[in-house]
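What follows is a set of notes on a single structure, which appears directly below.
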Amino acid sequence: MTKKDIINLLETIATYMELSLENPFKVSAYRKAAGAIERDPRSLSEIDDFSEIKGIGKGVNDVISEYVENGRSSVLDELKESVPVSLIQMLKLPTLGPKKIAKLHKELGVVTLEGLKAECEAGRVSELSGFGKKTEENIAKAIDELLTRPEKYPIEKIQSFRSIIEAALDEIRSVDRYNIAGSARRYKEMSKDLDFIVQTDNAADVAETFINLPFVQDVVAKGERKLSVVVEHDLDQIGVDMRFVTPEAYHTTLHHFTGSKEHNVKMRQIAKSRGEKISEYGVEKGDDLLTFESEADFFSHFDLPYIAPAMRETGEETDIDVSDIITLDDIRGDLHMHTVYSDGAYSVREMIEACVAKGYEYMVITDHSKSLRVANGLDEDRLWQQIEEIRKLRPEYPEIDIYSGTEMDILKDGTLDFSDDMLKELDYVIAAIHSSFQQTEDEIMHRLESACNNPYVRHIAHPTGRLIGGRAGYAVDFEKLIQMAKDTNTVMEVNANPRRLDLSSSVIRNSGLMLTVNTDAHHTRHLEFMEYGTATLQKGLIEKNQVINTFSREDFREWVNKGK
DNA sequence: GCCGTTTTCGGCCCGACTGTTTTCAGTCG
């Protein structure tokens, strides 16, 4: 049993209670308890008394104790007696919440999505009080959508939706300014919709123009302050919400709709304790409504430093000192990128110029090694050729330190693709797994251990090999990996490519690891991925001194030369 | 169900939109 099992139990109980029309505050107490356990940095075995955690009292503690002792929960068992499992998936249908679902179940005996759809088609739903013809149609439509449209999209897909919508907003004259909000602004790995804050003095015109754009498939809701539509792009559909605001309310509305919900609840509690009230329109203080010139001013009003959107998740970000958490501005170099020597699209010189243009103080060229044939990996001869080329180019670019490196394969049996004699000629060595992802955890850990133990390997790239919304990654024992990294002075990478974000924020949080964040650029444009990487670090509440590519040019050079 | 230096009872974030309930409940974010 792990903490995750207990969190799942409490959340399941909450959902069943919701459908049993239990007191909403009791439901929320179970959800809060689950959240409190998730945020606690200790593992299950390190927690002796759950009731000491804030948000867990006698009731929830009894439920947990029973579950930990004999692996079951009588509270949940009783709830399951009274509520059919299949009703839970109905909560995902828009316009249906616990009360309406309970009514459908009680009055019509509905237990499955298919059954509910049949009742809609037979016209029996609209005969119930509280339900009309329109509701009946909407439910039937939503069931079809639920069965076809994916529930959430990975961040890379979300960002491509974002850019087509922003391009459209740029062209609408009555839009004065706009900003992405919601989970996309917080750089969540997966999001189900997109939110935008739009400043305009003619909301009706913006809404009308927008809903007539060719990619808008459906209008879900349209009011004076809000527009909700479905947008189609590359055969995928996604919900897009837009809030129309005045200049005065811009930043408080942006803050409100950036969320997360937990962050907002926390901010409102803080306001309340000072006799103030936060809404999307501003901060009510007595009879005054205070508005702000920026989000930073808003936070400052509550004596808080600016909290970057990526950090606004649990609410605890308001309790800790975030002043040393890394920001994009702290990044002084990129240590992982490819050129035409292997599978990159640009030459060494072009990558150098792109890094100079970004204002970097140092960079490492790290093409693939010989075993990675699909990527045209370099053998010793071609690697020497590249080392020579870099040596020749250095004097032309005094503004940046250019290191020669490699992203070397860790082979199937744990041996490394280059000998130590070759590695010692390089300034910087990255090791990574690119093959045999299906191996057992022991085999994978043996490979990672072998790389960490090599005196020349400075960092492990994309340590789990996962792709967000794609493959899960190979079998890594994180506890062991973290210990190995510390014991051998090996740095772990947060790969900034939005398909990877590997290691993830949940792994690095509270890990105490030394980290590096790199774009793994295969194109000059990919150097811009750094924002996703730093957002991932922010989510993990990582301070800048834990990240080697925030070091000054001199400190980084010294760190490279000193060795492990 | 949880919490508390104004509280051991009475709160628990706040507002927009929809549909149908002719004055508001339910849902959503």
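Remember, it's a predicted structure, so these values are computed and weren't measured experimentally. Sequence lines set the chain letters: A, B, ... in the order given, protein chains first and strands last, and positions in each chain run from 1.
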message: Between B:dT22 and B:dC13, how many Å separate the two P atoms, rounded to a whole number?
response: 31 Å
- request: Give A:Asn23 one of three labels, base, sugar-phosphate or nothing, depending on what nucleic acid heavy atoms sit under 4.0 Å from its own.
  value: base
task: Provide the distance between the two C1' atoms, one in B:dT23 and one in B:dT18, to the nearest whole Å.
output: 15 Å
- prompt: Taking atom C1' in both B:dG11 and B:dT6, what distance in whole Å separates the two?
  reply: 14 Å
Between B:dG1 and B:dT8 - C1' atom distance, rounded Å: 14 Å
query: Quick one: which of B:dG1, B:dG4, B:dT20 gets closest to the side chain of A:Ala29?
result: B:dG1
message: Given B:dG1, B:dC13, B:dC17, identify the nucleotide with an atom nearest to the side chain of A:Val60.
response: B:dG1
message: Between B:dT20 and B:dG15, how many Å separate the two P atoms, rounded to a whole number?
response: 26 Å
- prompt: So what does A:Lys133 hit on the nucleic acid, given a heavy-atom distance under 4.0 Å: a base, only sugar-phosphate, or nothing?
  reply: sugar-phosphate
message: Please give the distance between the P atoms of B:dC14 and B:dC9 as a whole number of Å.
response: 24 Å
task: For residues A:His251 and A:Phe298, establish whether the separation of their ring centroids is below 6.0 Å.
output: no
- line: Per nearest nucleotide of DNA chain B, the residue lying toward the 5' end, A:Arg243 or A:Lys32, is A:Lys32
B:dG15 - base-pair partner by Watson-Crick or wobble geometry, distances under 3.5 Å: B:dC28
task: Using the C1' atoms only, state how far B:dT7 lies from B:dC2, rounded to an integer number of Å.
output: 14 Å
field: Donor-acceptor pair between A:Lys103 and A:Ser129 side chains, under 3.5 angstrom
entry: yes
message: Distance to the ring centre below 6.0 angstrom and angle to the axis at most 45 degrees; does that hold for A:Lys157 and A:Phe161?
response: yes
field: Contact pattern, 5' to 3', of nucleotides 24-29 of chain B - B, S or - by protein heavy atom under 4.0 Å
entry: --SSSB
task: Determine the contact category for A:Lys272: base if any of its heavy atoms lies under 4.0 Å from a base atom, sugar-phosphate if only primed atoms, P, OP1 or OP2 are that close, otherwise nothing.
output: sugar-phosphate
message: Could you tell me if A:Lys539 sits above the aromatic ring of A:Tyr187, with its cationic atom closer than 6.0 Å to the ring centre and no more than 45 degrees from the axis?
response: no
message: Between A:Tyr281 and B:dA16, is there a contact of a side-chain N or O with OP1 or OP2 at under 4.0 Å?
response: yes
task: List the steps and the verdict of salt bridge (Lys or Arg N to Asp or Glu O under 4.0 Å) for A:Arg173 and A:Asp205.
output: CA-CA 9 Å; A:Arg173 257 195 214 161; A:Asp205 180 67; over 6 Å; no
